[in-house]
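Below: the structure, in structure tokens.
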Amino acid sequence: MLAYQKGDARAFAELVARHEKPLWNFLRRFTSDPTSAEDLLQETFMRVVKSAASYQPSARFRTWLYTIARNLCTDHARGRVHRKAQSLDATSQRDSDAPRMTETVSGADPGGEQRTLARELGVQLERALAALPALQREVFVMREVLDLPFAEIALAVDASEATVKSRMRYALERMRLELAGVHEPAVEAREPNEVES
Amino acid sequence: MSEEQFREQLVDYLYGELDGAQRAAFEKELEAPERRAELEAMRATLRTARTGLAALDEEPPARLRGAILDAERASRNVIALKPWYRRAGTITPMLAAAAALTFAVLAPRRDEQPRLEPQPRLEQAPPPLPAAPAVVPPADDAPAESKGKLEARGTSARERHVEAPAEKEREARPPLRAPRPAEARKSAAADERADDFGGGFAAPPAGWGSGGGALGRGAARERALDKAEPEAAEESVASAPPPRAAAPASPSHSMASEQAGGPAKRSQVVSKPGAELASGRDAGQQRAPDELVQRAREHASAHRWSEAVLAYRELLQRFPKDERAASWRSELGSASRALTAVPLVP
């Protein structure tokens with residue numbers, strides 16, 4: 001970012017290449033709407049461009065970047081509430097109307113069934129995420145999708161670390177209810193307590 | 001450890017954020033089966049969520065990166081520009097428009113003012129000077145005060161004129177005489193030279209338009225004023241061709257043409273630049289999209305969101321099939337959101 005601030009245009013391309021994917025997944029999990037996620041991704045980077053001159057390296061760049069993205073998401077969600085546009089239920093409805101992966105994946109593919117289960121689990125997870133209050137959802141997604149430590153999340157959402165952890169706990173409890181009974185495919189997943197150790 | 005304390009530390013334990021002593025204390029609590037069950041339930045939830053997130057993990061659309069980099073490039077160009085009020089390309093047309101507007105507003109007033117008659121040329125005798133108001137000198141028996149006043153005054157031109165009798169003034173002027181043939185030739189040649197240089201230093205008499213390089217524009221303005229239509233005046237000012245091309249050959253030529261053609265001729269002279277202006281407007285309407293894009297992005301970079309939104313909308317209306325339309329649509333979306341967004345405090 002400092003290189004870009006000094007006028008190195010290639011540095012911006014490097015920033016985009018490095019942060020585009022995690023940011024995209026964060027936005028996709030946060031908004032559940034690909035079109036909005038596209039707009040928000042572009043807008044996030046445009047805010048970086050516009051704020052480049054005044055950027056102060058007081059925190060990590062990614063924290064700053066995700067703060068911008070998070071604020072845009074919040075504004076976007078607020079706008080959606082005011083406009084009474086697509087509701088979260090509508091998203092779920094759209095997903096339920098969509099053809100199931102079981103109908104589209106060829107049975108000849110040996111890993112197909114596993115992937116289908118994983119995909120269905122993904123759909124369930126999207127619903128569970130959509131059911132979370134925004135404050136809990138952003139903490140959960142930042143932690144699990146962006147892999148940010150709680151301290152950085154606290155900076156990004158402008159709350160204390162204890163508050164962030166508390167939101168995470170509520171999010172997990174809510175997810176536990178939402179995902180109850182969901183069959184988990186045998187996909188390698190990290191052990192929760194092995195994350196930081 | 002209370003239930004609340006246990007729940008508070010559960011997340012820390014799951015993410016390995018407890019130090020050694022805290023961890024040992026927490027694991028001691030896990031000997032209780034209900035607490036152990038709660039921990040396992042959370043672990044399972046987290047594991048399931050991670051599996052789902054891994055299934056949902058996706059790459060952003062490939063075109064997005066290009067659009068972002070394009071937008072960055074465009075905004076870099078815009079940011080590099082000077083502020084709008086310092087841009088020569090912006091200030092010049094603005095000044096021209098302001099001048100035209102001022103002129104259009106002031107033109108009728110100017111018409112109301114008495115116009116000076118053109119001074120006679122060589123072959124015409126000067127009209128008799130207006131009779132100066134007679135000033136009665138103070139009588140000898142008048143109070144000395146008023147006498148002194150009159151004597152003390154007389155520094156201004158007006159008062160000097162009042163004091164001077166008309167006869168004296170006439171005597172002071174050089175006598176008019178018929179020009180000798182050689183002088184007449186010289187004068188004509190001087191007129192021609194003056195015309196060759198767009199008027200040069202041979203300023204035309206008052207009431208014939210301004211002298212020098214502005215002669216053409218002055219004459220055009222006068223013709224427009226004769227039409228008594230501010231719009232026509234504005235048109236003729238805005239579209240006045242370079243002085244040399246449009247300037248009448250000489251004041252006498254101009255007078256001759258006025259005498260010969262009259263108002264009909266004048267309107268022809270005005271209508272020609274008007275037609276050029278109309279064609280210029282058409283050209284303006286067919287501006288390239290780049291110009292509109294730049295304008296829209298300038299607005300956006302200056303956070304003039306409503307103007308940016310209007311500009312992008314105009315752009316998309318006029319060039320909906322342009323290959324960059326998707327990018328513009330996206331920028332329009334961003335500007336629209338920014339219009340209603342709460343200011344960012346990162």
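As the structure is a prediction and not an experimental result, all values here were calculated from the model. In what follows, chains carry the letters A, B, and so on, assigned in the order in which the sequence lines appear, proteins first and then strands, with residues in each chain numbered from 1.
- Residue B/Arg47 holds its CZ atom at 12.5 Å from CG of A/Leu179, rounded to the nearest 0.5 Å.
- Residues B/Leu56 and A/Arg29 form a side-chain contact, since some pair of their non-hydrogen atoms from C-beta on lies under 4.5 Å apart.
- A 4.5 Å side-chain heavy-atom check between B/Leu14 and A/Leu172 finds at least one atom pair inside the cut-off.
- Options A/Glu38, A/Met168, A/Glu178, A/Met175 differ in how many heavy-atom pairs under 4.5 Å they form with chain B, and the most are formed by A/Glu38.
- A/Arg169 has a carboxylate O that lies under 4.0 Å from a charged side-chain N of B/Glu4, or vice versa, which qualifies the two as a salt bridge.
- With chain A as partner, the option from B/Pro60, B/Ala300, B/Ala55, B/Ala41 having the largest number of non-hydrogen pairs under 4.5 angstrom is B/Pro60.
- Chain B forms more heavy-atom pairs under 4.5 Å with one residue of A/Thr74, A/Asn25, A/Leu27 than with any other, namely A/Asn25.
- Ranking B/Ala67, B/Ser330, B/Gly333 against chain A, the residue ahead of the rest is B/Ser330, based on heavy-atom pairs under 4.5 Å.
- By the 4.5 Å heavy-atom criterion applied to side chains, A/Leu40 and B/Arg337 are counted as neighbours.
- Two residues are said to be in side-chain contact when any heavy atoms from C-beta on lie closer than 4.5 Å; A/Trp24 and B/Glu59 fail this criterion.
- Closest approach of B/Ile68 and A/Met46 over heavy atoms only: O-CE, 3.6 Å.
- With a threshold of 4.5 angstrom between heavy atoms, A/Arg70 does not approach chain B through any atom at all.
- The environment of CD in B/Glu323 is sparse: at most 12 heavy-atom neighbours from other residues, nucleotides or ligands sit within 6.0 Å.
- For A/Lys21, the NZ atom counts as densely surrounded, since its 6.0 Å shell holds more than 12 non-hydrogen atoms of other residues, nucleotides or ligands.
- Electrostatic pairing of A/Glu144 and B/Arg50 counts as a salt bridge here, judged by a charged N lying under 4.0 Å from a carboxylate O.
- Atom OH of A/Tyr170 has 12 or fewer neighbouring heavy atoms from other residues, nucleotides or ligands inside a 6.0 Å radius.
- Going from atom CD of B/Glu331 over to atom CD of A/Glu43 covers 10.0 Å, rounded to the nearest 0.5 Å.
- Closest approach of A/Leu125 to B/Ala49, counting heavy atoms only: CD2-O, 3.5 Å.
- The neighbour count for B/Asp70 CG, taken as heavy atoms of other residues, nucleotides or ligands under 6.0 Å away, is above 12.
- The pair B/Asp12-A/Lys165 meets the salt-bridge criterion, with a side-chain N (NZ, NE, NH1 or NH2) lying under 4.0 Å from an Asp/Glu carboxylate O.
- For A/Leu155, no part lies near chain B; criterion is any non-hydrogen pair under 4.5 Å.
- In this structure, chain B has no heavy atom under 4.5 Å from any part of A/Gln124.
- In this structure, the portions of B/Arg7 lying under 4.5 Å from any heavy atom of chain A include both its backbone and its side chain.
- Across A/Ala180, A/Ser166, A/Ala17, the residue that shares the most heavy-atom pairs under 4.5 angstrom with chain B is A/Ala17.
- When heavy atoms are compared at a cutoff of 4.5 Å, A/Asp39 approaches chain B by way of both its backbone and its side chain.
- For chain B, no part of A/Ala162 is nearby; none of its heavy atoms comes within less than 4.5 Å.
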